Amino acid sequence: MSDGTDKLLEIRNLRVDFPVRGGLFTAVRDVNFSIRKGETFGLVGESGSGKTTIGRAIVRIAQASSGEILFRGRRINGRITRELDSEVVQKIQMIFQDPMASLNERAKVDYIVSEGIINLGKFKNEAERLALVEKALLEVGLLPEFASRFPHEFSGGQRQRIGIARSLIMEPELVICDEPISALDVSIRAQVLNLMSELQKSKGLTYLFIAHDLSVVRFITDRIAVINKGELVELAETEELFAHPLHPYTRALLSAIPVPDPILERKKVLIVYDPASRDYRTDKPAWTEIAAGHFARANEAEAAEYRRLLAR
Amino acid sequence: MDGRKPILSVRDLVVKFDLRGRTLTAIRGASLDLLEGETLAIVGESGSGKSVFTKTFIGMLDQNGRVDSGSIEFEGADLAGYATEAEWLRVRGRKISMVFQDPMTALNPLRSIGRQIQEVVEMHRGMSGRQAELAAIELLDHVGIPDPVRRFRQFPHEFSGGMRQRVVIAIAMACKPRILICDEPTTALDVTIQAQILRLIKALQSDFGFTTIYITHDLGVVANVADRVAVMYAGQIVETGSAEDVFYDPRHPYTWALLSSLPQLGVKGKPLFSISGTPPNLFNEIKGDAFAPRNPRALRIDFELQPPMFQVSPGHQAATWLLDPRAPALEPPAAIQAMRARYPGGER
């Protein structure tokens with residue numbers, strides 16, 4: 001499937017440190033993956049795993065301490081030219097988790113949606129700006145007259161649509177979705193997921209979908225990377241990951257997701273991940289391709305075992 | 001039903017709130033039997049009234065809310081008639097305890113974990129001093145907190161989210177309640193922690209022998225914990241039955257819609273089933289079946305007359321005109337039929 005030329009985003013040896021009292025806290029280390037144009041790539045982990053930090057490093061809200069982030073083959077972290085900066089600002093957009101907190105309460109929808117194009121001066125006159133706002137609102141299933149309202153007048157699902165409209169108006173290529181549906185009710189989730197996949201088809205968008213809920217991620221992603229304590233532990237095509245999870249953390253995570261099926265749930269065996277159970281003193285783990293497209297963090301002994309498991 | 005006695009019986013409960021001169025009817029005539037020793041899950045979306053409903057069992061409605069009519073029978077008394085705090089103190093925390101969603105806000109950040117548990121033990125079990133402290137440490141140990149003697153002196157901020165929720169559960173256990181109400185107890189937690197907390201509550205239930213009510217919107221959690229399920233929509237219970245009944249043989253169109261919109265039941269690459277529109281405004285009077293405006297296959301009568309509860313099988317009921325003998329036969333959506341096929345009992 002991949003021939004190496006269709007990489008929209010590539011992350012190499014990414015490390016992000018945050019200053020804390022008395023030193024540095026490494027939120028993310030040794031992260032390597034790439035996202036292909038047009039795919040939906042899932043980044044799954046628990047709170048504190050560093051998944052959001054990776055998303056924020058890509059849009060450069062968080063600064064990469066070392067490593068490289070390449071967008072269409074060009075490095076976008078660290079010092080970059082002003083042209084590249086404004087291109088990245090436009091082409092990589094983000095949708096946030098909490099639609100209650102991520103919209104400016106004092107601004108009208110009209111301003112919220114067009115803030116990005118105002119900053120970049122992407123329109124000739126007021127009439128064009130209004131037309132762009134109207135188009136963006138229609139595309140996410142909202143009425144153009146909503147432009148004159150304030151965020152508090154909308155439900156959670158509608159607010160998330162406003163958040164999507166605000167990123168769409170920039171005509172992005174890559175959209176980073178940070179838990180976009182976690183705060184929504186079950187029936188509203190389905191609406192937003194459907195909207196996201198329609199937009200992906202009609203606009204050829206690429207998604208980085210950051211979430212903790214593997215059952216949702218399974219439904220919409222092509223590939224999944226699992227992150228634990230700042231390190232990727234496994235990456236594979238979605239169905240492959242569910243069929244043949246290799247890393248013990250992935251297995252634990254999969255066993256913990258509740259499935260809406262009482263008989264399966266009662267039979268389920270919960271796997272608990274114990275990092276202390278593994279001996280990395282001499283044989284150090286590394287990011288290893290176990291089978292084509294299936295990566296895991298493993299040392300030599302584990303990699304050999306994983307290969308045996310997959311061969312079976 | 002399997003002959004178990006109801007421990008709590010709610011009949012035709014109506015709860016109203018006064019908001020800025022208008023009246024909102026949050027619970028519109030709900031009836032429910034909670035059976036001794038069972039785990040009942042109340043499922044519904046935000047605004048369905050599931051939290052308000054259970055708050056009436058412990059007298060914790062907000063100031064502007066009141067039970068308008070109906071009864072809540074518990075140990076020979078009608079809780080719906082309780083008016084004073086003195087009456088409620090005999091029940092709340094002592095007979096019926098509650099665990100809330102966010103363990104950070106449920107604990108006092110300025111007092112040590114130990115003192116917060118000890119206080120409850122002293123108040124409800126009549127112990128004092130050293131004796132109460134030992135009881136509190138034993139409780140911490142029971143809910144799976146390692147090194148309870150040291151942890152006893154620590155403060156909430158020194159605990160992780162999962163450990164904090166364990167403390168909240170220990171406090172709820174302090175007076176050996178007969179009913180434990182868990183309001184979205186794991187929503188704020190990670191899945192691996194969630195699984196551990198659900199397992200802990202089950203273990204405590206078999207140790208202490210209490211009855212559990214879960215309030216949740218997560219149908220995966222429901223499948224994991226529930227013996228029986230009650231589905232709420234717009235302030236009413238629209239379907240109740242065993243977990244098997246509700247997951248494999250649901251009858252109410254809202255239950256169908258709720259289950260069908262789960263990504264787990266969707267087919268990848270195809271649009272997910274989604275419920276159009278929004279729940280009704282509970283400030284307005286609702287005519288007929290509250291779900292009818294969002295139900296593309298609603299019958300004409302659904303818009304005119306509220307359906308009664310129909311009996312599907314012993315223990316399984318649903319409030320939908322589809323169960324009336326005069327109703328046209330309507331096949332449930334494909335996702336529901338697929339669920340039914342997965343049930344080992346086969347066609348029912």
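What's counted below: heavy atoms across the whole structure, side chains too, no hydrogens, waters or symmetry copies. The sequence lines fix the lettering, A, B, ..., with proteins before strands; numbering per chain opens at 1. None of these values were measured; they are calculated from a predicted model.
- If you check the side chains of B/Q101 and B/T187, you find no donor sitting under 3.5 Å from an acceptor.
- Taking the charged nitrogens against the carboxylate oxygens, A/E239 and A/R218 do have a contact shorter than 4.0 Å, which makes a salt bridge.
- Between chain B and the residues A/A256, A/P260, A/A190, the most heavy-atom pairs under 4.5 angstrom are made by A/P260.
- Residues A/Y273 and A/Y249 place their aromatic rings such that the two centres sit under 6.0 Å apart.
- With chain B as partner, the option from A/V216, A/T238, A/L270 having the largest number of non-hydrogen pairs under 4.5 angstrom is A/L270.
- Looking at B/V267, only its backbone comes within 4.5 Å of chain A, counting heavy atoms on both sides.
- Using a 4.5 Å cut-off between heavy atoms, B/V191 contacts chain A through both its backbone and its side chain.
- Both the backbone and the side chain of A/D261 have a heavy atom closer than 4.5 Å to some heavy atom of chain B.
- Contact annotation for A/S197: neither backbone nor side-chain heavy atoms come within less than 4.5 Å of a heavy atom of chain B.
- For chain A, no part of B/A257 is nearby; none of its heavy atoms comes within less than 4.5 Å.
- Counting heavy-atom pairs under 4.5 Å between each of B/T278, B/N224, B/L198, B/L258 and chain A puts B/N224 at the top.
- Ion pair A/K268/A/E265 flagged as a salt bridge, since at least one NZ, NE, NH1 or NH2 atom sits closer than 4.0 Å to an Asp/Glu carboxylate oxygen.
- Ion pair A/R266/B/E244 flagged as a salt bridge, since at least one NZ, NE, NH1 or NH2 atom sits closer than 4.0 Å to an Asp/Glu carboxylate oxygen.
- B/H316 and B/E239 share a donor-acceptor pair across their side chains, judged by distance under 3.5 Å alone.
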